[in-house]
Amino acid sequence: MSGVRDKRVDTKRILLVEDDSDHAELAKHCLHDYDERLVVHHVIDGVEALDYLRNRNNYADPEKSPRPHLILLDLRMHRVDGFEVLKEVKGTDDLMRIPVVILTTSESEIDANKAYDLHANSFLVKPGGYHELKKMLIEVSNYWLAINKRLW
Amino acid sequence: MTDKQHSVILTIDDEKNIRQSFRLYLEDYNYQVLEAEHGAVGIEMIERHSPDLVLVDLRMPDVDGLDVLKHISESTPRTPVIVVSGTGVIADAVEALRRGAWDYLLKPIEDMNILLHTVETTLERARFLDEKRKYREHLEAEVQERTAELLAANTRLMQEIEQRARAEVSVRESEEKLRNILESSPFGMHVYQLDDKDRLLFIGANPAADWILHVDHSKYAGRAIEEVYPVLFKDDVPPQLYRIIAMGETTRYEQQVNEIAGTSRIYDIHAYKAAEGIMVCNVIDISERAKAGSEREKLISILEAKNAELERFTYTVSHDLKTPLITIRGFLELLDDSLIQNDMEEARKCINRINHAASSMEELLRNLLSISRIDHNKTSLTAFNVRTLIEDVLELFERQIEERGIRVSIGDELSTVTADRNRIFEVYQNLLENAIYFSDGVPGPEIEIGLRGDTKRQIFYVKDNGIGIEPAYHKKVFHLFEKLDKDSDGTGIGLALVKRIIEAHAGTVWVESEGDGKGTTICFTLQSVKEAEACQASEINA
């Protein structure tokens, strides 16, 4: 998949895994404010996230569901939760290099440790206000999408 | 015969030629012969020389033969005396024999051989008598010695018997002490002995063993262990019991024994070697302790489950309360921005989102309150008609049922139950809310509310033909805050609340569904009326 580097070469893609539609809306808002060219794919739980990443079911077409440059992952979700997605991504050869940033309401140390043990690249706690969230998401996107060398 | 040579013979006679003829003749036969010419000298010589034989003439002047004989029989009665008398006085000889003479010779002695023969015979007889006397004396000494020994032995024996008797008394006393200890012990004790065929024979048991095990052990004495307990050892006597006796091992285990009444008791059995070839089993009835232990375990597991739920609760509450808060604050700032930009459409959207988040927070708080009340308030039981209650609940959903065209049926078998009415109302409210929600979009939605099972176990159920629940999630749905449907407006508390209410009524609740699109039936049981009343009564008493 790392060979897929074509006309979308300059398109930066984020996979947003978030089960709360309001929170997803806020995050998308922030990211669009930052860079309108940024493509945010929103999926609503772990099942859909893994379907997207593996191009299965509703996301079977790799053209429509291309490999993201960054995953923003909520932890508490129904059906398959964030930890399971993280474990799956970091345990699969052709997915493990995708940076995964945990974005959660949980301030629990247990959750943070567990996430890092499963090789999360970052652990962010959702702040209270929109501007703070925006600042956080801009910084994290900038770090992973601009400062770091992109591999695909 | 050697002592014949040394035998000393005294001849007392007043006739010198007779003395000489005796001497000359007897000296030829190696006798030593002393002579005395009359009785007095004779007596003197007897005393001085202690002759082995005395030949004495009867008729002598002054001291005659009878006087000598008298002296001899008084002083040395063992000295043989032969009287020599004249032919005319044979009566004297007879008298002499009567007085102790051993033999007699008649004068004149025509054949000296007669003299020799008489002397030899008399000496022989004297020697024989002497030996016999010595033998008898020896025998007496022996007898005396043996008697003394016997007496000593007897004394020792008597002492021993006395000691033994004392020892026996003290053994009996200590045995009695031991028996008292054994018999008053509250621990059951069994004693077994290994016989020469390597079987464990039951010897006896103390009274505690009888009443602990409800067995009259006395009738089993001498029987093999497998005959005493045919049920326990029906296959084989476990080898560790033999190892106890062989190697002095101890073993301790718990044994459950089923009683005829269907109950069972648990015994703590401790078997050990008490002496060579002897095994003792201590038996304690620990049924009560085990029961208390298992009740404690049960309580602990209930507490653990409650604690785990509490942890999940605080974790989730913090998350679920934070989620709408983040939404509200986020959209408030966005609202602020849009007002600055005079973007009224954006502002309206923000306000809607804020509103929505605020009401979901309210709903969450309301449910939290309701679930916490279940533990805090004791259930108050009343008898009421469930059918009427369900009709009341359905009124709440009248509009939705009508709009969605849901066909609702209530089973006729639903009648009176004894329970906490308000709680059961909440149960049906939650179950019907779910059933209506998950029937949405299904062609020909139907909800069936009924009762099945028998009088022993009545199962209340609410059945829909909606989207169904995958079997993997059947347990999870009752967890607090567990929402399987991400689009659901629910708080994830509804079924957890139902579960708590049902469990507070000592019932159980479960899901029956074959999965996607197959519809869902939620079933529950309630404590029977009798049980409920008993429970209520005990609470009142408490």
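What you see below is based on every heavy atom in this structure, not just the backbone, and it leaves out hydrogens, waters and symmetry mates. Lettering of chains follows the sequences in order, A, B, ..., and the numbering in each one begins at 1.
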Answer with side chain, backbone, both or neither: which region of A:Val125 has an atom nearer than 4.5 Å to a non-hydrogen atom of chain B?
side chain
Can you name the residues of residues 101-109 of chain A that have some heavy atom under 4.5 Å away from a heavy atom in chain B?
A:Thr105, A:Ser106, A:Glu107, A:Ser108
Please indicate whether B:Arg353 has more than 12 foreign heavy atoms, meaning atoms of other residues, nucleotides or ligands, lying under 6.0 Å from its CZ.
yes
For atom CD of B:Glu345, decide whether the heavy atoms of other residues, nucleotides or ligands shown that lie under 6.0 angstrom number more than 12.
no
Residue B:Lys349 excluded, over 12 heavy atoms near NZ under 6.0 Å:
no
Determine whether more than 12 heavy atoms belonging to other residues, nucleotides or ligands lie under 6.0 Å from atom CD1 of A:Ile110.
no
Is it the case that more than 12 heavy atoms not belonging to B:Arg407 sit under 6.0 Å from its CZ atom?
no
Using a cut-off of 6.0 Å, state whether more than 12 heavy atoms not belonging to A:Lys134 lie near its atom NZ.
yes
Heavy-atom distances under 4.5 Å only: say whether B:Asp337 touches chain A with side chain, backbone, both or neither.
side chain
Non-hydrogen side-chain atoms of A:Lys126 and B:Leu325 separated by less than 4.5 Å
no
Among residues 20-30 of chain A, those lying within the under-4.5 Å heavy-atom range of chain B are A:Asp20, A:Ser21, A:Asp22, A:His23, A:Glu25, A:Leu26, A:His29
Test of understanding: with ring-ring contact (aromatic ring centres under 6.0 Å, His included), list the residues that count as partners of A:Tyr59, not counting sequence neighbours.
A:Tyr52
Kindly write out the residues that satisfy ring-ring contact (aromatic ring centres under 6.0 Å, His included) with A:Phe123, not counting sequence neighbours, or none if the list is empty.
none
Heavy-atom count check: over 12 atoms from other residues, nucleotides or ligands less than 6.0 Å from B:Arg348 CZ?
no
To the nearest 0.5 Å, what is the distance between CG (B:Leu334) and CG (A:Leu133)?
9.5 Å
